[in-house]
Amino acid sequence: MITEFLKPKTIIEAVQLKQATPDAVYMAGGSWINSSRSAMNPETVISLNELDLNFIKQDQDTLRIGAMTTLQDILDNDLIPDYIKGNLKLFRNRNIRNQGTLAGAIAAKNPAFSILTVLIAAEAQLETPTEEISVEKYVTSDCSALILAIRIPLKAAVCSNKHSITARGVSLVSVAAGVFEKQIHLVVAQDGGKIERLTDLEIALNGDSLPDRDELAEKVSKVVASFDDYRTSAAFKKYIAGVMLADCLIKAAKGV
Amino acid sequence: MKISFTLNGLKKTVLTEAGENVQALLQRLGIFSVRDSDDHQGFCGSDTIIFNGKTVNAGLLIAAQIDGADIKTIESVMKDGKLSAVQSAMVDCGLVQSGYNSPAAALMLTGLLERNPDPSKDDIMDALSPLFSRSAGYQPFFKAVDLAKKRMKDPNYKTEGFTEFREDLREVGKVRRKIDGHQLVAGHKAFVEDMVEPGTCILKMLQSPYAHAYITSIDTTEAEKVPGVVTIITHKNCPDVYYTNAGQGAPEPSPHDRKLFNQKVCYVGDRVAAVVAETEEAADEALKKIKVEYEVLKPVFTWDDAQAPDAPILHKSFVTYGVGAPEDLDEYNKNADPRDGKIHYPFPLRADPHHNLAASVKGGIGDVEKGFQEADVIIDRTFATTQIQCTPTEPHVVFTKMQGDRLVIHASTQVPFHLRRVVAKVLGIPETKIHVIKERVGGGFGSKQDVILEDVAAFATYSTGRPVYYRYTRNQEFNTCSTRKPMRVRVKIGAKKDGTFTAIQMDNEANTGPFGAHALTVPMNACSKNLPLFLCPNMYFTVRIYYSNIMPTGAYQGYGAPKGAFALNSTVAELAEQLGMDQIELMRKNMVHEGAVLEILRCLGEGREGTPALVQSCGLEKALEIGSKMIDWGKEEASDDPDIKIGKGVAIIQQGSGLPGLDHSNAHILMLADGGFSLHSGAADIGTGLDTVMAKVVAEVLNVPLSQVTVMSGDTDHTPFDTGAYASSGTFFSGNAARLAAEDMKQKILQKAAEYLNEPVEDCVLEYPAKVKGKKGEITYAQIAYNTTTGHGSGQLQGIGSFITENHAIPYGANFAEVAVNTRTGEIDVRKFYALLDCGTPINPELAEGQVFGGVLKSIGHSLYEGIILDKDGKPLNDNLQDYNPPTIYDLPKDFQAPLVFTKDPDGPYGGKSISELATNGAAPALAIAIHNACGVWIREWPFTPEKILKGLEKI
Ligand SMILES: Cc1cc2nc3c(=O)[nH]c(=O)nc-3n(C[C@H](O)[C@H](O)[C@H](O)COP(=O)(O)OP(=O)(O)OC[C@H]3O[C@@H](n4cnc5c(N)ncnc54)[C@H](O)[C@@H]3O)c2cc1C
Ligand code: FES
């Protein structure tokens, strides 16, 4: 049970509190920390509520989304590009979108949170008190720095999809493909597994014209490592990742 | 810490822990409407509140987060106790059934209409996306939003969009406000959890980590020393009484194969010890201090393993019989192991527990072998279904307390009277010492037909004198509750070239898990609710039910019927294909019709000799005719996308209306001082609207408006006996008992009126509203009530009704599905689903429609997504709602309709037959057939996953 709820007024204070109490966790909306599903059970939380981090601002070709901006506010904002909105719409729970933040979803580093694949494919960056770091690096390392804002490119050819058993079920396989000046980004995440860039395949595909969708799907399936679990077989997950990612890449290559 | 916030417009300051869950905090502050359905996981939205202007789950917030916030709950939308436009529209569109999270849904829609006064279908789905609800299948929400919009402009706007029935009647067949609708949608106290008193002890259970083991030692000494612990119950100090927890009429057709606690644990999650303590913390600490040693045994999980020659045996028990003991019983009992305890059979169930056989039966009519010899074509297929969780939004819950020397049980049950009987037996006390109060039930679906947790709480209270509250966590709902039995059904049909059936055989195997609750009757229903759909002279069935170490099973809406319907309809469709005939043509050639006599029912009585039934009403033909037109049966649909193939499927279904010869309902009616009526019925309304059915029937018989009838039901002290809400008996049995009581009252009113008017009884008639007219004069009921209850009166008028029957009022139906199968991804998109059901006269048309949507969506879930999966040691892997995957609003068929098919039944109350169980029977076969029609793949096992489609198409 949470027994201590710290309310720093400044970013510096927040960082100092975290240094002083390493077991404490930052709390944004709290939708994940408080959910029995996360099994986090911290004793001390550092609330980010009083830091001024609820904003969406345009900075030339980039959008800066403050760490306390909720997913619903992001979805409702006209500045937000469709490749983000399209994925957030697949997260079918308005109550949690009203409470949860994008920074919280990133920091939770959960491969079932499909928005992560999109952010990685779009090369989104994070502002922290000390450095700027890519979402990819943040979620695939043990970095737990305080996220202040997320920077996303306004114009990106990114396309994403997910497979779940029901419309609102856990995303068992999430994929996103992005194309930047002919640079291809391919991202796959599997619930119970990991979030990964298919770097070798990206390199193999770069520069050439894309193969047809079935060949592309087969290439993806081949390089995605998977595992059997009680819901689906590895073979199915590899196959569906291939099919979904091939379709996404073809769309992204066309500028979506 | 101290926090301050605004609650429904009023400032509140409360002392709390920073981490106190806000849902629990609000309930502590008396806001009962904010409920928890998922242990704060974020799946159900039953705890929706408006937090700083936006809907969120209170269960995902902690107290410190609401310091300074503005919080609104359903109480904020009501003015002067009146329902808001959204709330009244929800009730009037049949959405408030079990009602556990209706206030939450009302808040979501209130927020929607504030944001967007003219929302689209997508907007409505988005607003309701956090909601998990099973009773009315979401579909009526679209109508309700439309009605709410109109009522916001004109509060008196009439409900529209429902077909009403029986022009000759005033209340029956008409859309009327469900009589408990206001209470539920307003979030008033209604459920067991709302009745718990301060000072009540908490009961927590130590559950087995093993699927199969003997408890070799159990030491509770240290646990008992924990301050606040009141008692600990184990197999060593519980009553030595064997019973079945199946809520069935006595003598039950289920083996009495369990005690409160057994020395042998038979599934992961089985009871080991109950701790009763003054606080949750004390209970948790005590649980940790109980020392248990086990001798672990090899488990068995499947019907194949259970019947293997060297299978581990669950019940090597000492067997006794009430009647009909076999001659070699003494010999049989020589093999018993005392640690396995005993089994008592009230009467023989053809069981052999020493070989894991819990029950069996076989029978038939005609000569199937001869029938198959005469056939030109024979088809033989096998199907399997999975273990399904009932998932009521209100988990299983009970509150027990002593009142003097009597035990009071506040229960969320479908069977108050069976519950009283079972508890009396376990405690060894007379029924007079027990008072069961059925509170509103937040979803039952069959799982609350059994005594799941009331027995242990009752014993705890009775043996300590302390009030006890026991509420299942969602996790316990999954690991120690009652589920749909997995079944394997083999169907063999022989037919002539012209399609005439010459023989049908059904072989059924079921997995009953550790105990035999409903072991015989659920699987038998696969036959008794499907074979009579066809008129074939030669039919034969076998049913074998095995014990295993999966978690317990019992009843689920539809009983065994959906599994049999899946197998039989799918086989008929395959046969049609082989014969080159249209499936509907083939069905029409063989199917039942009005006036037919169902001989097969002679051998399908539930634990007794059955009787053949005369079909007095049958809407099958009409359902097929309307449905075929709606879906354009026979027309091939093309898709623009070459990956997508479209197909159609149909299934015919039936159920029963209670159990003729077994079920029994009683009602008692009193005339009140102003000429109104109070009906007392033992029936258990579990949200379906049964109280409203009975009130309408009484109002109709007695010529009064519905508002002049009040209903008290399901209370063992204050209402007469009723078998309860199961086997689709409510409308037919309890409704008929209410009708008979009202007719008895009518006679008494006429006699009294004749006396007061000084006219012959034959000259008197009831006239609406509430008066009797003679040839010369008239008298109001109020005057009669006054006259009969003054100091000189002859006594308050009272009517009684008791209903039993040997007649079957069988409800029928046809389900049509259109699916689009993506042959590249295996995805199945249910584009259309039309459920055409014949429940005779739909007494509550809007609630009946909701029941159909709810039942169908549930079985779409069972067919496509759900099913409990165990690991190799028997632990459920998907033991929470998020991983279990029940459908939510986004999984609705795109075009979902449920037209009610009217037929005239002579036996139902005003022609009413049952509906809700029937609704669960047809989705699996209609979808399986449509999938095959789309892409050529037959799937014969639940669930129909994209992976199975892709395997069928040889893509993986
Ligand atoms: C039932 C359920 C279903 C869900 N389904 C989906 C889904 O389908 N798709 C999807 O994409 N997501 C899904 N989510 C995840 C949802 O997106 C997250 O819960 C939410 O975004 C987390 O945000 P929060 O602000 O509530 O985070 P919190 O609960 O406050 O925190 C989450 C984690 O992030 C850390 N954290 C928060 N903010 C910061 C910060 N600024 N800097 C550093 N660390 C921080 C916390 O310490 C914690 O570890 C689901 C969640 C739940 C509970
Ligand atoms: S988080 Fe409480 S009902 Fe879902």
Side-chain angles (χ1 to χ4, degrees), chain A residues 1-7 27 29-38 41-45 47 49 70 72-73 75-76 89 91-100 112 161 163-170 191 213-214 217 221 229-233 235-240 243-244 247, chain B residues 1 17-22 38-43 45 48 51 54-57 59-65 67 108 111 125-132 474 824-827 861 864-866 869-871 877-878 880 882-883 885-891 943 945-947 950-951 955-956:
Chain A
M1 163 110 125
I2 294 167
T3 50
E4 229 182 332
F5 188 80
L6 307 172
K7 293 195 275 188
M27 180 183 275
S31 66
W32 186 242
I33 296 174
N34 297 332
S35 163
S36 53
R37 202 167 169 77
S38 76
N41 296 324
E43 279 180 10
T44 306
V45 296
S47 167
N49 208 24
T70 65
Q72 189 60 42
D73 282 346
L75 203 48
D76 290 341
K89 279 184 191 154
F91 175 8
R92 295 183 169 111
N93 189 326
R94 191 180 181 97
N95 280 8
I96 298 180
R97 292 197 316 257
N98 274 336
Q99 185 182 352
N161 204 351
H163 170 79
S164 54
I165 293 173
T166 53
R168 225 184 82 186
V170 175
D191 182 42
R213 63 168 204 181
D214 292 340
S221 300
D229 68 21
Y230 68 92
R231 300 162 295 196
T232 51
S233 68
F236 173 76
K237 276 183 280 204
K238 281 162 75 76
Y239 174 88
I240 206 74
V243 166
M244 291 194 300
D247 288 355
Chain B
M1 74 185 281
E17 295 269 359
E20 181 173 7
N21 190 284
V22 171
D38 56 20
D39 307 340
H40 311 311
Q41 196 186 56
F43 188 81
T48 296
F51 172 58
K54 297 196 169 158
T55 59
V56 298
N57 296 331
L60 298 186
L61 285 170
I62 55 165
Q65 285 180 282
D67 194 17
M108 292 173 199
M125 297 215 284
D126 178 58
L128 293 168
S129 59
L131 187 73
F132 171 62
R474 183 54 64 181
R824 189 146 175 269
T825 61
E827 230 171 278
L864 300 182
Y865 318 122
E866 299 176 40
I869 302 169
L870 303 180
D871 71 9
L877 288 161
N878 49 350
N880 61 81
Q882 180 82 51
D883 291 315
N885 281 304
T888 60
I889 194 164
Y890 280 98
D891 301 299
T945 60
E947 183 159 358
L950 293 172
K951 280 193 178 137
K955 300 227 165 152
I956 51 172

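Letters go in sequence order (proteins before strands), and every chain restarts at 1.
For the options B:S129, B:G111, B:G19, heavy-atom pairs under 4.5 Å to chain A are most numerous at B:S129. Put simply, of A:R231, A:R213, A:E4, the one with the most heavy-atom pairs under 4.5 Å next to chain B is A:R213. Interface summary for chain B: among A:G30, A:S31, A:S35, A:A235, the most heavy-atom pairs under 4.5 angstrom belong to A:S35. Ranked by heavy-atom pairs shorter than 4.5 Å toward chain B, the options A:R92, A:E43, A:M1 are led by A:R92. Ranked by non-hydrogen atom pairs under 4.5 Å with chain A, the options B:M125, B:K54, B:E947 are led by B:E947.
Using a 4.5 Å heavy-atom threshold, the side chains of B:D126 and A:R97 count as touching. At least one side-chain heavy atom of B:R824 sits less than 4.5 Å from a side-chain heavy atom of A:D214. Proximity of A:K237 to A:D229: side-chain heavy atoms (C-beta onward) are separated by under 4.5 Å at one or more points. Annotation: side chain of B:N57 is in contact with side chain of A:I96 (closest heavy-atom distance under 4.5 Å).
Both the backbone and the side chain of A:S233 come within contact range of chain B, each with at least one heavy atom under 4.5 Å from a heavy atom of that chain. If you measure heavy-atom distances from B:A127 to chain A, the contacts under 4.5 Å come from the backbone alone. At a 4.5 Å heavy-atom cutoff, the contact between A:T232 and chain B is made by backbone and side-chain atoms alike. Using a 4.5 Å cut-off between heavy atoms, A:K7 contacts chain B through its side chain alone, with no backbone atom that close. The parts of B:T825 that come within reach of chain A are both its backbone and its side chain, each placing non-hydrogen atoms under 4.5 angstrom from that chain. Only the backbone of B:L131 has a heavy atom closer than 4.5 Å to any heavy atom of chain A. Heavy atoms of A:D73 lying under 4.5 Å from chain B belong exclusively to its side chain. Heavy atoms closer than 4.5 Å to chain B are found in the side chain of A:I240, but not in its backbone. When heavy atoms are compared at a cutoff of 4.5 Å, A:M27 approaches chain B solely by way of its side chain, counted from C-beta outward. With a 4.5 angstrom heavy-atom cutoff, B:N21 does not touch chain A via any of its atoms. Contacts of B:L950 with chain A are made by side-chain atoms alone, with heavy-atom separations under 4.5 Å and no backbone atom involved. Both the backbone and the side chain of B:N878 come within contact range of chain A, with heavy atoms under 4.5 Å apart. The part of B:I956 that comes within reach of chain A is its side chain, from C-beta onward, which places non-hydrogen atoms under 4.5 angstrom from that chain. Interface remark: B:P943 contributes no atoms to any contact with chain A (heavy atom separation under 4.5 Å). Contacts of B:M108 with chain A are made by side-chain atoms alone, with heavy-atom separations under 4.5 Å and no backbone atom involved. Only the side chain of B:I869 has a heavy atom closer than 4.5 Å to any heavy atom of chain A.
Between B:Q882 and A:R168, the closest heavy-atom pair is NE2-O, 3.3 Å. Here the closest heavy-atom approach between residue A:W32 and residue A:S38 is recorded as O-OG, 2.7 Å.
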Before giving the answer on salt bridge (charged side-chain N to carboxylate O under 4.0 Å, His left out), spell out for B:D38 and B:R474 the whole-Å C-alpha distance, their side-chain angles and the decisive distance to 0.1 Å. CA-CA 5 Å; B:D38 56 20; B:R474 183 54 64 181; over 6 Å; no
Given A:V243 and A:H163, is the side-chain contact (heavy atoms from CB on, under 4.5 Å) satisfied, shown in steps? CA-CA 11 Å; A:V243 166; A:H163 170 79; over 6 Å; no
Applying side-chain contact (heavy atoms from CB on, under 4.5 Å), run through A:D247 and A:N161 and close with a yes or a no. CA-CA 9 Å; A:D247 288 355; A:N161 204 351; over 6 Å; no
Verdict with supporting geometry, B:V22 and B:F51, side-chain contact (heavy atoms from CB on, under 4.5 Å): CA-CA 11 Å; B:V22 171; B:F51 172 58; over 6 Å; no
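A salt bridge links B:D883 with A:R37: at least one charged nitrogen is closer than 4.0 Å to a carboxylate oxygen.
Taking A:Y239 as the reference, nothing meets the ring-ring contact (aromatic ring centres under 6.0 Å, His included) condition, with sequence neighbours excluded. For A:T166, the side-chain hydrogen bond (donor to acceptor under 3.5 Å, both in side chains) partners are B:N885, not counting sequence neighbours.
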